[in-house]
Amino acid sequence: MGTLHEHNPSLWASDAGGETYPSLEGDRRCDVVVVGAGIAGLTLARLLVDAGTDVVVIDAGPVCAGATGYTTAKVTALHRLVYRELVDRHGEERARAYAEANQAAVEQVAAIAAGDGIDCDLARAPALTYTQRNEHVADIEAEAAAAQRLGLPVEVTTDSTLPYPIEAAVRLAGQLHFHPRRYCLGLAGAIAARGGAVHEQTRARDVTTGSSGVAVSIGDATITADRVVLASHLPFLDRGGFFARAHPQRSYALAARLRGPAPAEMVISAEEPTRSVRPAPGDRVIVGGEGHKTGHDPDTPRRYAALEAWTQAVFDVETIDYGWSTQDYETVDGMPYVGRLTRRDDRVLVATGFRKWGMTNGTAAAHLLADTLLGRDNPWADAFDATRLAPRASIAELVRANADVARRFVGDRVATLRARPAAALRAGEGGVVRHDGTNIAAFRDDARTLHAVSATCTHLGCRVTFNPAERSWDCPCHGSRFDVEGRVLEGPAVRDLTPES
């Protein structure tokens, strides 16, 4: 799910050429339906067609138009300071599974790109998590020690090609960066060439299980399969409760052309505010950061301004060509959810909660799910089990996150009792306003035309908030997003906001 035409399209989405795929018309039967044409869903389908599985991939938007199309596209097993945290929360066995899965994913991306001849600007580079503060050197050293115990060949260094000094960094060699949309288009082409099917503009609205298989409703048609995999970011099915066990985080990126070469490494800061940097072809640098919970910042343009100011201050910038944002889900215990949607039914599977490291976590999830569907053992299955209950690792975060949702559900309604009138909206401004005695979500475009829709999210009824940078309506509870006409941009909502006259 997603669009290549966000108000701020990414560098990858702006390069939107490539094969397109028809929407699905009429009923269909297959072995496996994969819902979601991002890196997780397409990699899974690519692995399955090689095993002779009849696979249909469907997506509500184009291929790679969701989170994968708006990533910074680092393919690395070094995820900031994750390993010491995972050891503390889950123990070494599960933390080692996470490290092994993500490092294996790096090599799987390289192998698929080479084997399928995908031209996606794939390049090797070291990854660094660094600090500029002496007081955080101990954190870097502790992360390196944890990663080494888990089998990652990291080292501590003070060397980098960044244009500013660092105090210390964890370094992992041999990682990757690439053009994610070209890679995903290559996956889709390989799936189709091997007898699989890819259908864009085909929205799954429900999944039901019965004696004849699993039925995916897509409007007037139905796809029936033995198994269904939900790889559409957060599952749109509420059974399994993933909306309560993972929370959405937005983050921002820009692409700048430099007057000299970009740094050779992919880097991310250990301290806040997060600053992520990677090179890109054409002496470009991609800078990311400024994360916050979806729908919780009324001044999103300041996020772009902060990234631009930092980039201009530290690099010799010729032009800033693109700026975009995206979101991903972080689980309450820090590990992705991959496997059965519920304990009682192994016919509906899920992959979610990649914590902004979806290029490797999504690829690893695909590997794990392919093994599950093909009846093979997988060494990471227990650690990533989507039905797991890990109260010691997650109960405090679970309570905190859902208490926040409850506050938004009630507080936003109280706040809108004092909503200003729709007539007060200026050109380019949006907000929940009063119109004919009713609260509505309204946006006045640059031509001063008012676009009015229901202010109630169609997922679970939270009040949406206006995102001025993206000109979208964002749900602060579970991360659904809608354009100013009310059309779903990303789920878990599957129904548009109702137009208001």
>> Does E330 form a salt bridge (Lys or Arg N to Asp or Glu O under 4.0 Å) with R245? I'd like the steps, not just the answer.
In response: CA-CA 8 Å; E330 182 170 350; R245 296 194 283 144; over 6 Å; no

Is it true that [X] and [Y] have a side-chain N and a carboxylate O under 4.0 angstrom from each other?
X    : Y    : answer
D121 : R182 : yes
D50  : R194 : yes
R444 : E429 : no
E107 : R124 : yes

Quick one: which of [options] gives a side-chain contact (heavy atoms from CB on, under 4.5 Å) with [X]?
X    : options          : result
M266 : V277, L172, T76  : T76
I440 : V433, T456, L497 : V433
I223 : V35, V33, D27    : V33

Modelled atom types, side-chain donor and acceptor of [X] and [Y], under 3.5 Å:
X    : Y    : answer
T360 : N102 : yes
D328 : Q249 : no
Y329 : Y337 : no
R487 : T3   : no
S325 : R250 : yes
Q327 : T294 : yes
Q201 : S23  : no

Please confirm whether the backbone N or O of [Y] pairs with a side-chain atom of [X], one donor and one acceptor, at under 3.5 Å?
X    : Y    : answer
S232 : P235 : no
T68  : C64  : no
D496 : V488 : yes
T372 : L368 : yes
E19  : L185 : no
T53  : V49  : no
S10  : G69  : yes
T202 : L24  : yes
T352 : H233 : yes
E85  : Y83  : no

For a 4.5 angstrom cut-off between non-hydrogen side-chain atoms, does [X] reach [Y]?
X    : Y    : value
R181 : D15  : no
V432 : T465 : no
P261 : D283 : yes
D297 : R302 : yes
I112 : Y183 : yes
L42  : V63  : yes
L254 : W310 : no
M359 : T71  : yes

Determine the minimum heavy-atom distance between [X] and [Y], stating which atoms define it.
X    : Y    : value
E490 : G479 : CG-O, 4.3 Å
A422 : L450 : CB-CD2, 4.3 Å
S160 : L128 : CB-CD2, 4.0 Å
P263 : T161 : CA-OG1, 3.4 Å
I218 : A204 : CG2-CA, 4.1 Å
A469 : T300 : N-OG1, 3.0 Å

> Where do Y98 and N361 land on the side chain to side chain contact (heavy atoms under 4.5 Å, CB included) test, with the steps shown first?
Replying inline: CA-CA 9 Å; Y98 183 96; N361 271 319; 3.2 Å; yes

Return yes when atom [atom1] of [X] has more than 12 non-hydrogen atoms of other residues, nucleotides or ligands closer than 6.0 Å, and no otherwise.
X    : atom1 : result
R259 : CZ    : yes
D316 : CG    : yes
H292 : NE2   : yes
E318 : CD    : yes

>> Between W324 and Y252, does the ring-ring contact (aromatic ring centres under 6.0 Å, His included) criterion hold? Intermediate values first, please.
In response: CA-CA 6 Å; W324 66 93; Y252 298 77; over 10 Å; no

> C462 and C477: sulfurs closer than 2.5 Å?
Replying inline: yes

> Which is it for Y130 and R275 under the side chain to side chain contact (heavy atoms under 4.5 Å, CB included) test, yes or no, and what are the steps along the way?
Replying inline: CA-CA 10 Å; Y130 73 90; R275 292 293 180 259; 4.2 Å; yes

>> Over 60° means perpendicular and under 30° means parallel, so tell me whether H79 and W357 are parallel, tilted or perpendicular.
In response: parallel

> Angle class for the H459/F243 ring planes (parallel below 30°, perpendicular above 60°, tilted otherwise)?
Replying inline: perpendicular

>> Run L11 and R284 through side chain to side chain contact (heavy atoms under 4.5 Å, CB included) and show every step you take.
In response: CA-CA 11 Å; L11 169 63; R284 274 196 176 119; 3.8 Å; yes

> Got a second to check how far T129's OG1 is from R171's CZ, nearest 0.5 Å?
Replying inline: 12.5 Å

> What's the spacing between F482 CZ and C475 SG if we round to 0.5 Å?
Replying inline: 7.0 Å

> When you look at D445 and R471, which way does the salt bridge (Lys or Arg N to Asp or Glu O under 4.0 Å) test go after all the steps?
Replying inline: CA-CA 10 Å; D445 65 23; R471 295 192 171 185; over 6 Å; no

>> Applying salt bridge (Lys or Arg N to Asp or Glu O under 4.0 Å) to D321 and R257, what does each step give before you reach the verdict?
In response: CA-CA 7 Å; D321 301 324; R257 194 178 299 277; 3.8 Å; yes

> Step by step, would you call T274 with R80 a side-chain hydrogen bond (donor to acceptor under 3.5 Å, both in side chains)?
Replying inline: CA-CA 10 Å; T274 303; R80 209 176 181 204; 3.0 Å; yes

> Should F178 and I118 be marked as a side chain to side chain contact (heavy atoms under 4.5 Å, CB included) after you check the CA-CA gap, both sets of side-chain angles, and the distance that decides it?
Replying inline: CA-CA 11 Å; F178 67 167; I118 302 174; over 6 Å; no

